[in-house]
Amino acid sequence: MAKFYLTTPLYYVNAAPHLGHAYSTIVADTIRRYKNLQGLDAFLLTGTDEHGQKVERSAKLAGMSPQEFADQVAELFRKEWQDLGLEFDSFIRTTDAKHEVAVKKIFEAVWKAGYIFKGSYTGQYCTACEQYANEAKPGEPCPECGGPTETITEENYFFKLSAFQDRLLNYYEEHPEFIRPETRRNEVIAFVRSGLRDLSISRTTLKWGIPLPSLPGSSSEASQEKHVFYVWFDALTGYLSGIGYGQDESGEEPFRRLWPADLQIVGKEIIRFHAVYWPAFLMAAGLPIPHTLFAHGWLLFEEDKMSKSRGNVVSPGPVREVLGIDALRYFLLREIPFGQDGNFSFDALVSRYNSDLANDFGNLASRVLTMIGRYFNSEIPYPSVMAQRSAQDRHILELAENVISRYTAALDNYEFSGGLEAVWELIAAVNKYLVDTEPWALAEKNTGEDRSKLATVLYTSAEALRIATQLLSPIMPESTARIWTQLGQTTELSSLPLKSIKESPLATQEKIGKIEPVFPRLEKEATVRKLVQLQQQVSGRGLPKKTAAGVGAETALAIAKIAIEDFLKVELRVGEVRVAERVKGASKLLRLEVDIGTETRQIVAGIAESYAPETLIGRKVVIVANLQPRKLRGIESNGMIVAASVGKEDRPVLVTFIEDVPNGAKLR
RNA sequence: GGCGGCGUAGCUCAGUUGGCAGAGCGAGGGUCUCAUAAUCCCUAGGUCCACGGUUCGAGUCCGUGCGCCGCUACCA
């Protein structure tokens with residue numbers, strides 16, 4: 001049996017699992033089920049990425065060791081998938097012993113192939129954040145905390161990424177299906193075309209990682225012990241270690257069977273690591289490249305990116321409790337074209353549930369089954385022979401055929417939304433068919449001819465319902481299984497191959513099961529209220545203890561009181577912008593010349609994303625006049641512009657005066 | 001700034017090789033009664049961002065402008 005190996009991202013344990021993580025995993029679980037129905041041996045790997053600076057810091061904040069911290073969060077993930085009924089075949093943790101073995105093995109392979117060399121990495125290091133401030137240039141402050149950065153040079157092991165530029169471009173060219181969707185593919189190609197620099201793959205600035213093995217032929221083995229792997233070299237290898245790469249003969253068997261992966265699902269923010277570094281690592285190690293890499297979009301909550309710092313993280317738990325996991329699966333796969341960003345809101349979720357699941361699908365099952373119960377003593381009736389059926393009857397079966405092929409074509413291409421639309425076309429058509437043929441009226445008349453028409457209508461409807469149910473089983477495994485039982489089917493729905501849809505029509509005279517609504521209609525307002533309420537209860541929980549206290553301490557620091565003398569040290573003055581222009585090569589910076597009465601100051605301000613240069617000329621601004629000069633992009637900045645910081649993205653909004661104020665006026 | 005994408009009915013979006021503007025949801029009206037107050041039918045007269053061009057004819061091709069978004073590497 002042919003295999004289908006797919007992976008979710010290995011989730012970083014710095015955050016508790018939320019709906020965004022669930023989205024990736026739900027998609028993967030759906031594909032796994034679908035591929036199994038297609039007769040493939042599907043294997044799904046998920047897991048957690050546990051090393052790196054952020055975990056080290058979060059653990060410290062929580063007052064525990066990184067390992068303890070990672071253990072707790074990894075367990076949260078595992079439990080979440082279990083609660084959501086998501087099935088996986090392997091769960092890899094990058095702190096597993098077998099993973100460490102695999103990382104060392106692939107590193108040695110890359111080393112032997114000659115793609116590792118020792119070099120030095122120079123960057124701006126922020127001691128407060130304990131990390132490199134990548135965007136900062138020498139002399140610039142840390143973009144995260146605003147603290148000073150220093151230029152430090154670190155001895156590192158480098159991966160010769162530059163050697164793979166052409167090979168990667170060729171690969172993208174020859175395998176258009178490798179990076180999806182198209183826009184991401186274009187971005188990646190543009191990025192690689194612009195030139196690749198070698199990548200440092202070891203770190204000495206942190207301890208929480210996998211130590212580099214001693215290298216044969218390397219003279220300085222002692223110093224190597226201080227090196228740990230760069231997290232991405234470590235994490236990506238999880239896709240190999242999770243299926244046995246690096247194990248002994250028998251342990252490595254799944255790897256040899258499953259690799260290369262057929263589908264790797266990732267979030268769009270990590271596409272580069274997967275589309276550039278990862279294939280390069282694999283090429284260097286002499287391993288095959290995965291077939292497809294699919295970058296999905298972000299789940300936005302009420303128009304905003306879901307993130308912990310924004311405090312708008314939605315947990316899957318409440319949705320599962322109130323609407324059931326299948327409603328969530330359906331919503332995510334139907335509402336959001338796979339690959340694009342999508343909006344999640346409780347309102348939209350409940351609306352979709354009511355209109356599509358309750359009104360269309362659930363109600364169709366209910367009315368068809370009820371009529372079979374009432375008019376045919378709960379037995380699937382015999383339809384007329386084909387020649388005697390009406391055009392309407394035949395139309396439903398033809399449409400069903402058509403929908404089956406459109407649905408499978410869509411799912412084969414990971415277009416869940418399109419596939420579901422097709423199924424709903426069938427569902428809508430059957431609802432209409434029932435109104436047009438009026439089986440209840442046929443039952444009233446009860447002549448022989450009407451009786452056989454009635455049987456045909458109900459059989460045809462039930463048959464279409466059966467087809468829709470079977471098609472939808474990978475999307476909504478639990479609810480479709482219930483409808484399956486109500487249709488009187490005793491075989492396990494999840495074990496029926498896709499091809500049986502066409503081959504096994506509903507058997508007549510089978511007794512249908514007990515009818516009960518699978519998607520009861522919900523009162524929208526009350527349901528949304530309930531979801532919001534439950535969500536608020538859950539929001540307090542999440543990451544391991546003490547994290548909340550740590551955040552509190554940071555806030556306290558920020559609002560510490562200062563004396564008036566401290567404030568008087570700051571010289572704030574009114575100025576008028578005379579000249580404003582973009583700084584070449586910097587997307588955020590503007591070079592301003594500001595008239596402060598006594599002189600004109602040159603100031604470089606990071607406001608280019610919010611203000612077009614020409615709109616600033618002649619505008620009154622407030623500047624900090626006694627700031628130490630600093631060079632930004634080689635341009636000296638004498639002071640800074642005062643602006644409110646708005647929203648989580650810290651969008652700057654300039655201070656303005658309602659009354660006219662002379663240039664140079666001092667603020668106090 | 002450079003590269004790429006997008007801008008179509010109140011909302012979410014389809015619109016293939018240029019040929020009379022579409023779907024779903026929401027809203028309004030109506031119908032049936034098998035069904036989960038569900039279904040089904042009717043109703044949107046929308047400057048297809050703006051301007052200019054190519055063409056017998058452009059949402060669909062070209063140019064310019066405006067607006068929004070993504071990418072522009074070693075935190076993950």
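Within every chain, numbering begins at 1; the chains are lettered A, B, ... in the order of the sequence lines, protein sequences first and strands thereafter.
Both distances falling under 3.5 Å, in either a Watson-Crick or a G-U wobble arrangement, occur for no nucleotide opposite B:G46. Using Watson-Crick or G-U wobble geometry with both donor-acceptor distances under 3.5 Å, B:U31 finds no partner in any strand shown. Using Watson-Crick or G-U wobble geometry with both donor-acceptor distances under 3.5 Å, B:G63 finds its partner in B:C51. If you check B:C56 for Watson-Crick or wobble pairing at under 3.5 angstrom, you find it paired to B:G19. Pair assignment for B:G4 gives B:C69, based on Watson-Crick or G-U wobble hydrogen-bonding distances that are each under 3.5 Å.
For the C1' atoms, the distance from B:A21 to B:U47 is 14 Å, rounded to whole Å. Comparing B:C75 with B:A14, their P atoms are spaced 35 Å from each other, to the whole Å. Distance noted for atom P between B:G2 and B:C61: 23 Å (whole Å). Spacing of C1' atoms, B:G59 relative to B:C51, comes out at 16 Å, to the nearest Å. Between the C1' atoms of B:U12 and B:A44, the separation comes to 16 Å (whole Å). Rounded to whole Å, the P atom of B:U16 lies 11 Å from the corresponding atom of B:U60. The gap from the P atom of B:C3 to that of B:U43 amounts to 48 Å, rounded to the nearest Å. Here, B:G22 and B:G65 have their P atoms 34 Å apart, quoted to the whole Å.
Listed nucleotides B:G70, B:C75, B:C40 differ in distance to A:Arg184; the shortest reach to its side chain belongs to B:G70. Comparing B:U36, B:C40, B:C74 against the side chain of A:Asn431 picks out B:C40 as the nearest. Of all nucleotides listed (B:C40, B:U36, B:C34), B:C34 comes nearest to the side chain of A:Met371. Of all nucleotides listed (B:C71, B:U36, B:C40), B:C71 comes nearest to the side chain of A:Glu187. In the set B:C40, B:A73, B:A38, the nucleotide with an atom closest to the side chain of A:Arg521 is B:A38. Checked against B:U39, B:U33, B:A35, the side chain of A:Val435 finds its nearest nucleotide in B:U39. Listed candidates were B:C74, B:C32, B:U36. Nearest to the side chain of A:Ser200 is B:C74. When the nucleotides B:A73, B:C13, B:A35 are ranked by their closest atom to the side chain of A:Leu196, B:A73 comes out on top.
Residue-level contact check: A:Gly362 touches the bases, meaning some heavy atom is under 4.0 Å from a base atom. Across all strands shown, A:Phe191 has heavy atoms under 4.0 Å from base atoms, whether or not it also approaches the sugar-phosphate. Backbone-only contact: A:Asp49 has heavy atoms under 4.0 Å from sugar-phosphate atoms and none from a base. As judged by a 4.0 angstrom heavy-atom cut-off over every strand, A:Ala441 is placed among residues making no nucleic acid contact.
Atom-to-atom, CG of A:Asp436 to P of B:C34 comes out at 17 Å; the value is rounded to the nearest Å. Taking atom CG on A:Leu434 and atom C1' on B:U33, their separation rounds to 12 Å, with Å as the unit. Atom pair A:Lys445:NZ and B:C34:C1' shows a separation of 15 Å (rounding to whole Å applied). With rounding to whole Å, A:Asp341 atom CG is found 13 Å from B:C68 atom C1'. To the nearest angstrom, C1' of B:A73 lies 14 Å from CZ of A:Phe159. Taking atom CD of A:Glu182 as the reference point, atom P of B:C69 lies 23 Å away to the nearest angstrom. One interatomic measurement links the two molecules: OH of A:Tyr433 to P of B:C34, which rounds to 18 Å at whole-angstrom precision. At whole-Å resolution of the value, CG in A:Leu364 and P in B:U39 are 11 Å apart.
A close approach under 4.0 Å does not occur between any side-chain nitrogen or oxygen of A:Asn359 and OP1 or OP2 of B:U36. Between A:Lys268 and B:G70, a side-chain N or O to OP1/OP2 separation shorter than 4.0 Å is absent. Applying the 4.0 Å criterion to OP1 and OP2 of B:A35, one finds that A:Arg374 has a side-chain N or O inside that range. Neither OP1 nor OP2 of B:A73 sits under 4.0 Å from any side-chain N or O of A:Arg197.
Put simply, the side chain of A:Asn363 and the base of B:A35 share a donor and an acceptor less than 3.5 Å apart. A donor-acceptor contact under 3.5 Å links the side chain of A:Lys54 to the base of B:C75.
Remark: A:Arg334 is not positioned above the aromatic ring of A:Tyr330, lacking an NZ or CZ atom under 6.0 angstrom from the ring centre and at most 45 degrees off the axis. The side-chain tip of A:Arg451 points at the ring of A:Phe376 from less than 6.0 angstrom away and within 45° of straight on.
Nearest-nucleotide assignment on RNA chain B puts the 5′-proximal partner with A:Ser355, out of A:Ser355 and A:Ala365. Comparing A:Pro439 and A:Pro337, the nucleotide of RNA chain B nearest to each residue sits closer to the 5' end for A:Pro337.
The shortest side-chain heavy-atom distance between A:Val73 and A:Tyr11 does not fall under the 4.5 Å cut-off. The shortest distance between side-chain heavy atoms of A:His21 and A:Thr8 does not fall below 4.5 Å.
You'll find the ring centres of A:Phe338 and A:Phe294 inside the 6.0 Å limit.
The ring-ring contact (aromatic ring centres under 6.0 Å, His included) test with A:Phe164 singles out one residue from A:Phe159, A:Tyr172, A:Tyr277, A:Trp278, and that residue is A:Phe159.
Screening residues 416-434 of chain A for salt bridge (charged side-chain N to carboxylate O under 4.0 Å, His left out), with sequence neighbours left out, gives A:Arg406-A:Glu425, A:Lys432-A:Asp436.
Taking the charged nitrogens against the carboxylate oxygens, A:Glu335 and A:Arg352 do have a contact shorter than 4.0 Å, which makes a salt bridge.
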